[in-house]
Amino acid sequence: MKVLVPVKRVVDYNVKIRVKADQTGVETANVKMSMNPFDEIAVEQAVRMKEAGQADEVIAVSIGPQQSQETIRTALAMGADRGILVQHDGEIQPLAVAKLLKAIVDAEGPGIVLCGKQAIDDDANQTAQMLSALLGWSQATFVSKLEIGDGEATATREVDGGLETIKVKLPAVCSVDLRLNEPRYASLPNIMKAKKKPIDMKTPADFGVDPTPRLTTVKVVEPPPRQAGVKVADVAELVSKLRNEAKVIS
Amino acid sequence: MSNLVIAEHDGAEIKPHTLNTIAAAQAAGGDIHVAVIGSGCQAAADAAAKIAGVSKVLMVDSAEYENQMAEAVAPAIVKLADGYSTIFAPANTFGKNVMPRVAALMDIQQLSEVSAVLGEKTYERPIYAGNAIATVKSSEPTDIVTVRMTSFEPVAAEGGSASIETVSGTGAQDLSSFVGQSVVSSDRPELTSAKIVISGGRGMQNGENFGMLEKVADKLGAAVGASRAAVDAGFVPNDYQVGQTGKVVAPDLYIAVGISGAIQHLAGMKDSKVIVAINKDDEAPIFQVADYGLVADLFDAVPALEKELG
Ligand SMILES: Cc1cc2nc3c(=O)[nH]c(=O)nc-3n(C[C@H](O)[C@H](O)[C@H](O)COP(=O)(O)OP(=O)(O)OC[C@H]3O[C@@H](n4cnc5c(N)ncnc54)[C@H](O)[C@@H]3O)c2cc1C
Ligand SMILES: Nc1ncnc2c1ncn2[C@@H]1O[C@H](COP(=O)(O)O)[C@@H](O)[C@H]1O
């Protein structure tokens, strides 16, 4: 079966982000961009499935500006076979992303879609669930273990109370969590090879999807700063301050 | 104008996060109805009817909702949705799993993890691990909102006397099924609602050493949490993780032990009232958000803390 992996280009998780002075958003010019960390985990899982003979082709899809090609190349260097870039400049929200992914799923017919659980820029945590709904497929979110069986998959999910195991019929949409695997680093030969792998170029119009945001950003501001604190000399001073100054313990 | 709140429950009781979610609905103004969707959930519906400020409970009690599979619950919410201006659910793993599915079925763009309801379809929500706060305005006919629980004080669980309306189910689904769960029960308070939280990081070195934190927790009536590094290393289970992609907590007192203070960790705890950091590296970023910082080896400081608390 084919595995489809949506990969998003986001501000690298190590970058200390800055809010623009005009409050229209977050500074992304001249900032290091990377593949969303959860999507690396999804690519890794897809490539492992291929190596285990459970998948025969891994397709990486990104929706975003021209430079999202780099994100797709990263997936190709990790072992994905080909890429699809739906080129779109400016903000695009999860419902529109899910509609584009649905159109690609309809065209490609994958047996499973592996999304990240959440994009670390919008922190939305929506796309996988929305795609699953639009397709009328099963969903397994926040997956930390995935076993592919015959026409079904068994998924362990990280939930608030601990872990939950479910069975989902294939085809399914999964969203992967941090502890599913540890993504590999692409080797130099594989980075070279990735340059020759094909990337299909598309636009939202090719799929008849309107990418206009439904939610308007009124403004973006920095969170209120915390007041600088003090260093205490020892445990006795700490406990005394917590009792008498902060009054948070008795 | 009326609001629908999707209750999180176990059939017998309403889970506390529902009370924070109702508080967010109150901020929106208008009537508040609560949906209790489950299998054998009459007791939970009765409990929902007693919550202060709730005027009606919609109970959908049918076998297909056992285990709250998203593929079953989402159509039930869609069935109830008609006429509501806003539908709210908690932004925990229950709400995050189900609500985007509901939104897509209704062709609506959801608002995730809303931290303030400003009225006129306008909301605040943290983005980029809480390093920026966005104000967003919706143009949808019905707003679908998941609520950051720590941003809203829970309403009272008692004091209301809502009517209960029964709605029929939406039918069985065969897309997914529940196999089992491993949930560790503890006598300590639940992490996201505890007044005091003590968390350990990679500096704890192993799972056994978390015993030191548990002893302090028991003296303070605190919950125990952890950084991602401590969970990844297998010191403690996944449900301990505090942060951008774990749980968000905002207790009166948060004690970070052997945690460096990566932005992804701060995202889950920096709204705590008082933050204490215990770390042997005086340059650890956690000290930038700590009200009280103690530069010390945790293996000396934590046992001393336990003793000092008497
Ligand atoms: C996509 C993504 C999501 C993430 N989500 C989360 C999240 O939700 N939550 C989260 O916590 N992290 C998250 N992280 C990870 C985060 O970036 C950090 O790697 C992690 O928080 C580090 O954990 P730590 O502070 O325990 O470990 P470290 O950074 O290794 O810090 C250990 C600290 O312990 C101190 N120490 C060591 N020994 C002692 C001693 N004997 N006495 C006193 N102090 C000592 C050290 O000085 C150091 O400061 C995420 C990362 C990514 C990429
Ligand atoms: N623009 C995009 N291009 C490709 N994949 C995306 C895009 N946006 C979201 N996704 C996928 O959906 C997941 C969840 O994103 P979100 O719902 O925005 O938190 C990501 O981890 C990706 O797998």
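Protein chains get the first letters and strands the later ones, always in sequence-line order, with residue 1 at the start of each.
In this structure, chain B has a heavy atom under 4.5 Å from the backbone of A:Val15, while its side chain stays farther away. Heavy atoms of A:Asp234 lying under 4.5 Å from chain B belong exclusively to its backbone. B:Lys247 touches chain A through its side chain: at least one heavy atom from C-beta onward sits under 4.5 Å away, while N, CA, C and O do not. Heavy atoms closer than 4.5 Å to chain B are found in the backbone of A:Ala233, but not in its side chain. Only the side chain of A:Gln118 comes within less than 4.5 Å of a heavy atom of chain B; its backbone N, CA, C and O stay farther away. Of the two parts of A:Ile249, only the side chain, counted from C-beta on, holds a non-hydrogen atom closer than 4.5 Å to a non-hydrogen atom of chain B. Heavy atoms closer than 4.5 Å to chain A are found in the side chain of B:Gln241, but not in its backbone. Only the side chain of A:Val26 has a heavy atom closer than 4.5 Å to any heavy atom of chain B. For a residue to count as touching a neighbouring chain, one of its non-hydrogen atoms must lie under 4.5 Å from one of that chain's; by this rule A:Phe38 touches chain B with the side chain only. Neither the backbone nor the side chain of B:Asn67 comes within contact range of chain A; no heavy atom of the residue lies under 4.5 Å from a heavy atom of that chain. Of the atoms belonging to B:Leu220, it is side-chain heavy atoms, and not backbone ones, that fall under 4.5 Å from chain A. Looking at B:Ile133, both its backbone and its side chain come within 4.5 Å of chain A, counting heavy atoms on both sides. Looking at A:Ala236, the atoms closer than 4.5 Å to chain B (heavy atoms on both sides) sit in the backbone and in the side chain alike. Contact annotation for B:Met69: only side-chain heavy atoms (C-beta onward) come within less than 4.5 Å of a heavy atom of chain A. A:Leu163 touches chain B through backbone and side chain together, each having a heavy atom under 4.5 Å away. A:Val19 touches chain B through its side chain: at least one heavy atom from C-beta onward sits under 4.5 Å away, while N, CA, C and O do not. Residue B:Phe287 touches chain A through its side chain alone, counting heavy-atom pairs closer than 4.5 Å. When heavy atoms are compared at a cutoff of 4.5 Å, B:Gln264 approaches chain A solely by way of its side chain, counted from C-beta outward. Residue A:Arg179 touches chain B through its side chain alone, counting heavy-atom pairs closer than 4.5 Å.
For the pair B:Tyr123 and B:Thr86, the tightest heavy-atom approach, listed with the atom from each and the gap, is OH-CG2, 3.8 Å. Among all heavy-atom pairs drawn from B:Ser272 and B:Val249, the shortest one is OG-O, 4.1 Å. Closest heavy-atom contact between A:Ile112 and A:Cys174: CD1-SG, 4.0 Å. Scanning both residues, A:Leu100 and A:Pro204, for their nearest heavy atoms gives CD2-CA, 3.7 Å. The shortest heavy-atom contact between B:Ala132 and A:Ile17 is CB-CD1, 4.2 Å.
A side-chain donor-acceptor contact under 3.5 Å links B:Thr146 to the backbone of B:Glu113. Remark: side-chain polar atoms of B:Asp252 are not paired, donor with acceptor, to backbone N or O of A:Val248 under 3.5 angstrom. For B:Thr18 (side chain) and B:Glu8 (main-chain N/O), a donor-acceptor pair under 3.5 Å exists by modelled atom type. Under the 3.5 Å distance criterion, the side-chain polar atoms of B:Ser151 are left unmatched by any main-chain donor or acceptor of B:Ala116.
Using a cutoff of 4.0 Å between basic side-chain nitrogens and carboxylate oxygens, A:Arg214 and B:Glu140 are scored as salt-bridged. With respect to A:Glu147 and A:Lys145, a salt bridge is recorded, a charged nitrogen being found less than 4.0 Å from a carboxylate O. Ion pairing between A:Asp123 and B:Arg125 fails under the 4.0 Å rule for side-chain N and carboxylate O.
Residue with the most contacts toward chain A among B:Val276, B:Ile275, B:Thr135, B:Ile127: B:Thr135 (heavy-atom pairs, distance under 4.5 Å). Contact tally against chain A (heavy-atom pairs below 4.5 Å) for B:Leu105, B:Asp271, B:Val289: the top residue is B:Val289. Contact tally against chain B (heavy-atom pairs below 4.5 Å) for A:Glu164, A:Lys241, A:Gln227, A:Lys167: the top residue is A:Lys167. In terms of non-hydrogen atom pairs under 4.5 Å with chain B, the most contact-rich of A:Val11, A:Val168, A:Thr165, A:Asp177 is A:Thr165. The greatest number of non-hydrogen atom pairs below 4.5 Å with chain A, out of B:Ala277, B:Ser182, B:Ala262, B:Ala290, is found for B:Ser182. Between chain B and the options A:Val220, A:Leu131, A:Thr216, heavy-atom pairs under 4.5 Å are most frequent for A:Thr216. With chain B as the partner, the residue from A:Lys99, A:Arg18, A:Arg243, A:Gln139 showing the most heavy-atom pairs under 4.5 Å is A:Gln139. In terms of heavy-atom pairs under 4.5 Å with chain B, the best-connected choice from A:Asp122, A:Thr217, A:Val221 is A:Val221. Each of B:Ala267, B:Pro237, B:Ser176 has some count of heavy-atom pairs under 4.5 Å with chain A, and the biggest count is that of B:Ser176. Each of A:Gly229, A:Gly161, A:Pro213 has some count of heavy-atom pairs under 4.5 Å with chain B, and the biggest count is that of A:Gly161. In terms of heavy-atom pairs under 4.5 Å with chain A, the best-connected choice from B:Val98, B:Val136, B:Asp282 is B:Val136. Ranked by non-hydrogen atom pairs under 4.5 Å with chain A, the options B:Val295, B:Val231, B:Thr192, B:Ile263 are led by B:Val231.
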Subject >> Candidate pair A:Glu237 and B:Tyr292, rule side chain to side chain donor-acceptor pair (under 3.5 Å), full reasoning >> reply: CA-CA 10 Å; A:Glu237 187 188 349; B:Tyr292 302 109; over 6 Å; no
**OP:** Report the C-alpha separation of A:Arg157 and A:Thr141 in whole Å, then their side-chain angles, then the decisive distance to 0.1 Å, and conclude whether the side chain to side chain donor-acceptor pair (under 3.5 Å) test is met.
**Re:** CA-CA 7 Å; A:Arg157 308 178 52 229; A:Thr141 51; 2.8 Å; yes
**OP:** I would like to know whether A:Glu44 and A:Asn181 meet side chain to side chain donor-acceptor pair (under 3.5 Å); could you show each step before the answer?
**Re:** CA-CA 7 Å; A:Glu44 175 66 33; A:Asn181 61 46; 5.5 Å; no
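Under the side-chain contact (heavy atoms from CB on, under 4.5 Å) test applied with A:Val61, the options A:Val97, A:Val5, A:Leu101 reduce to a single match, A:Leu101. Of the listed residues (B:Lys15, B:His17, B:Arg148), just one forms a side-chain hydrogen bond (donor to acceptor under 3.5 Å, both in side chains) with B:Asn92, and that residue is B:His17. Checking B:Lys121, B:Gln110, B:Gln109 one by one against B:Asp143, the side-chain hydrogen bond (donor to acceptor under 3.5 Å, both in side chains) holds for a single residue, B:Lys121.
Annotation: residues 300-310 of chain B contacts chain A through B:Ala301, B:Ala304, B:Leu305, B:Glu308, B:Leu309 [non-hydrogen atoms, separation under 4.5 Å].
For B:Tyr240, there are no side chain to side chain donor-acceptor pair (under 3.5 Å) partners two or more places apart in sequence or in a different chain.
At a cut-off of 3.5 Å, with distance as the only test, no side-chain donor of A:Gln129 or A:Ser175 sits close to an acceptor on the other residue.
Judged by a 6.0 Å distance limit and a 45° cone about the ring axis, A:Lys117 is positioned over the six-membered ring of A:Phe142.
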